Novice: 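So that we are looking at the same thing, I have put the structure below in structure tokens.
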Amino acid sequence: MTDQTDPRPPSTAPVRVVLVTGPSGAGRSTAINALEDIGFEAIDNVPLSLLPRLLEGAPPDRPMAFGTDARNREFSAERLLEAAHRLQASEGVEVELIYLDCDPHTLQRRYSETRRRHPLAPDADPANGITLERDLLSPVRGHASVLIDTTSLTPHELRAEITRLFSPDGTQKLSVTVMSFSYRRGLPTGADLVFDCRFLRNPHWDADLKPQDGRDPRVQAYIAEDPRHAQFEAQVQEMLALLLPAFREEGKSHLTVAFGCTGGQHRSVAMAENLAAHLAEEGWHVSKRHREVEQRRIAASRPDMSEA
């Protein structure tokens with residue numbers, strides 16, 4: 001009897017190779033471990049000169065994941081991109097580059113909490129190493145096929161995201177993340193499509209609705225009373241009905257759709273909730289994130305944590 005969860009690709013399928021990188025502290029080890037748990041042969045801290053040798057000989061019987069970052073003495077953005085290009089040009093190899101990003105202040109807090117030294121600034125303030133490393137990696141970030149911002153993700157949530165994005169059978173799928181955010185806190189990193197909801201009726205000014213968020217049916221009903229809401233929602237859905245199949249055919253594995261409003265609590269959350277439900281009904285693989293709602297929950301659970 002065949003195991004339906006066997007991660008090994010068919011003999012005629014290309015070898016799937018995933019390269020994982022990003023600034024130190026952003027979660028590379030967590031991502032590598034998650035890939036290994038879903039069936040990848042995973043190797044961390046791989047010298048770039050060894051990458052071609054690891055694929056020599058008989059094709060591997062399962063997909064492969066390699067982690068590398070600026071701690072490796074051979075590392076440079078140019079060498080990593082060149083190695084990825086050469087692997088992609090090889091016959092029978094399919095390459096994806098994961099870039100794990102994170103806000104510098106969050107990286108600094110993580111180093112402070114763990115009392116670790118930054119590998120690029122072992123005898124100095126970690127902030128110096130964080131700035132140096134992000135500058136070093138910036139060319140790689142722009143060429144990533146999958147960009148994951150781990151700023152507000154716990155290790156468990158990052159593992160879940162990796163598991164969701166990289167199916168064990170190696171088939172190409174399009175996963176959609178629908179998220180909400182506050183313009184006051186800036187655009188979300190890695191968002192592919194951004195919609196501004198600040199023109200819609202704002203529950204913030206209703207004393208009964210202000211403490212709630214856009215997941216509350218009463219808040220959603222209040223926003224839906226705006227005469228422009230129905231047309232806006234319909235046009236967003238129509239646009240995605242056109243774009244999602246096209247992105248999937250083009251080979252894109254992940255798409256982030258973001259809705260923004262002033263505080264990231266009401267209008268953007270309601271729109272994200274409704275769109276995610278609609279896309280799920282249409283058969284798309286969908287996940288949701290409410291950046292400011294999550295940040296508020298984290299802050300409430302840690303009273304000593306100052307608001308970022």
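Keep in mind that what you see is a predicted model, and the values were worked out from it rather than measured. Residues: numbered from 1 along the sequence shown.
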Novice: Go through Asp192 and Val257 one step at a time and tell me if the side chain to side chain contact (heavy atoms under 4.5 Å, CB included) criterion holds.
Specialist: CA-CA 6 Å; Asp192 298 288; Val257 181; over 6 Å; no
Novice: Can you name the residues that form a ring pair (Phe, Tyr, Trp, His ring centres under 6.0 Å) with Phe259, not counting sequence neighbours?
Specialist: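 For Phe259, the residues satisfying ring pair (Phe, Tyr, Trp, His ring centres under 6.0 Å) (neighbours in sequence not counted) are Phe195.
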Novice: Could you go step by step and tell me if Arg198 and Ser268 meet the side-chain hydrogen bond (donor to acceptor under 3.5 Å, both in side chains) rule?
Specialist: CA-CA 8 Å; Arg198 288 175 291 185; Ser268 60; over 6 Å; no
Novice: Leu174 versus His254: any side-chain heavy-atom pair under 4.5 Å?
Specialist: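 Side chain of Leu174 against side chain of His254, heavy atoms only: no contact under 4.5 Å found.
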Novice: Would a 4.5 Å heavy-atom cut-off, applied to side chains only, mark Leu243 and Arg248 as touching?
Specialist: no
Novice: Side chains of Glu96 and Arg16: does their closest heavy-atom pair fall under 4.5 Å?
Specialist: yes
Novice: Does Arg159 use its side chain to pair, donor to acceptor, with the backbone of Asp37 at less than 3.5 Å?
Specialist: no
Novice: Is any side-chain heavy atom of Pro188 closer than 4.5 Å to one of Thr256?
Specialist: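 No, too far: nothing below the 4.5 Å cut-off.
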Novice: Do Val178 and Met271 have side chains that get closer than 4.5 Å, going by heavy atoms?
Specialist: no
Novice: Side-chain donor-acceptor pairs under 3.5 Å in residues 226-239, sequence neighbours left out?
Specialist:
from   : atom 1 : to     : atom 2 : distance (Å)
Asp226 : OD1    : Arg228 : N      : 2.8
Asp226 : OD1    : Arg228 : NE     : 3.0
Asp226 : OD2    : Arg201 : N      : 2.8
Asp226 : OD2    : Arg228 : NH2    : 3.0
Arg228 : NH2    : Phe199 : O      : 2.7
Glu233 : OE2    : Asn274 : ND2    : 3.4

Novice: Find out whether Pro203 and Arg267 are in side-chain contact, i.e. whether some heavy atom of one side chain is under 4.5 Å from a heavy atom of the other.
Specialist: yes
Novice: I'd like to know whether Leu244 forms a side chain to side chain contact (heavy atoms under 4.5 Å, CB included) with Leu279, so could you lay out the CA-CA distance, the side-chain angles of the two residues, the decisive distance to 0.1 Å, and finally the verdict.
Specialist: CA-CA 10 Å; Leu244 293 184; Leu279 293 178; 3.8 Å; yes
Novice: Not counting sequence neighbours, which residues clear salt bridge (charged side-chain N to carboxylate O under 4.0 Å, His left out) with Asp206? List them please.
Specialist: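 By the salt bridge (charged side-chain N to carboxylate O under 4.0 Å, His left out) rule, Asp206 matches no residue at all.
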Novice: Does Ala77 have any side-chain contact (heavy atoms from CB on, under 4.5 Å) partners at least two apart in sequence or in another chain, and if so, which?
Specialist: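 For Ala77 the side-chain contact (heavy atoms from CB on, under 4.5 Å) partners, ignoring immediate neighbours, are Pro139, Val140.
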Novice: Without swapping roles, check the side chain of Glu294 against the backbone of His290 for a donor-acceptor pair under 3.5 Å.
Specialist: yes
Novice: To which residues is Val194 joined in a hydrophobic cluster, defined by side-chain heavy-atom contacts under 4.5 Å among Ile, Leu, Val, Met, Phe, Trp and Tyr, whether direct or through other members?
Specialist: Phe181, Tyr183, Leu187
Novice: May I ask you to decide if Asp103's main-chain N or O and Thr151's side chain share a donor-acceptor pair within less than 3.5 Å?
Specialist: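 A pair under 3.5 Å: yes.
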Novice: Suppose we screen for side-chain contact (heavy atoms from CB on, under 4.5 Å). Which residues come up paired with Gln88, at least two apart in sequence or across chains?
Specialist: Val95
Novice: Contact between Ile32 and Ile43 at the side-chain level, heavy atoms closer than 4.5 Å - yes or no?
Specialist: no
Novice: If I compare all heavy atoms of Ala31 with all of Leu100, which pair ends up nearest, and what's the gap?
Specialist: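 Smallest heavy-atom distance, with atoms named: CB-CD1, 3.8 Å.
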Novice: Do Val176 and Leu240 come within less than 4.5 Å of each other through their side chains, counting heavy atoms only?
Specialist: no
Novice: Among Val20, Thr21, Leu136, Asp44, which residue satisfies the side-chain contact (heavy atoms from CB on, under 4.5 Å) criterion with Asp69?
Specialist: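 Result for side-chain contact (heavy atoms from CB on, under 4.5 Å) with Asp69: Thr21.
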